[in-house]
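So the structure is just underneath, and the comments pick up after that.
Residue numbers start at 1 and run along the sequence shown. Values in this document were obtained by computation on a predicted structure and should not be read as measured data.
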Amino acid sequence: YMDLPGNFEFNGALYYVASLPDIGFSNDGGLGSSVRLDLNIGYHPTENWTVTVGGRNLLQESSREFSETIDGVAASEIPRIFYTTVTYNF
């Protein structure tokens, strides 16, 4: 978190996930290690309002967070996303 001039703020997070071995259910070779970057910029036009624009998983198009499980739950891909939020605090 960093306050910027003009009622702006910057937020960022960098995540590292170590590799996960194949545990024998899916024979997919496990998951390699990965790094995820999330960033956003917020603007406070007034004391109560915040407008934010950001993105998640910015370093990759998508990523898996787990392998297929023993009961057959398929691993889904977590996509890169961009978002905007408008918040009113009272």
With distance as the sole criterion, is a donor-acceptor pair present between the side chains of N40 and N11 under 3.5 Å? yes
Which other residues belong to the hydrophobic cluster containing I41, where Ile, Leu, Val, Met, Phe, Trp and Tyr are joined when side-chain heavy atoms lie under 4.5 Å apart, directly or via other members? M2, L4, F8, F10, L14, Y16, V35, L37, L39, Y43, L58, L59, F82
Who else is in Y1's hydrophobic cluster (ILVMFWY, side-chain heavy atoms under 4.5 Å, direct or via others)? none
Would you please name every residue forming a ring pair (Phe, Tyr, Trp, His ring centres under 6.0 Å) with Y15, sequence neighbours left out? none
For N57, the side-chain hydrogen bond (donor to acceptor under 3.5 Å, both in side chains) test, sequence neighbours excluded, returns none
Across all chains, not counting sequence neighbours, the side-chain hydrogen bond (donor to acceptor under 3.5 Å, both in side chains) partners of S62 are E77
Which ILVMFWY residues can you reach from I78 by hopping between side chains whose heavy atoms are under 4.5 Å apart? none
Donor-acceptor pairs under 3.5 angstrom involving side-chain atoms of residues 49-56: please list them, not counting sequence neighbours.
residue	atom	partner	partner atom	Å
T50	OG1	H44	ND1	2.9

Could you work out, with side-chain hydrogen bond (donor to acceptor under 3.5 Å, both in side chains) as the rule, every residue matching D38, not counting sequence neighbours? R36
Would you please name every residue forming a side-chain hydrogen bond (donor to acceptor under 3.5 Å, both in side chains) with Q60, sequence neighbours left out? none
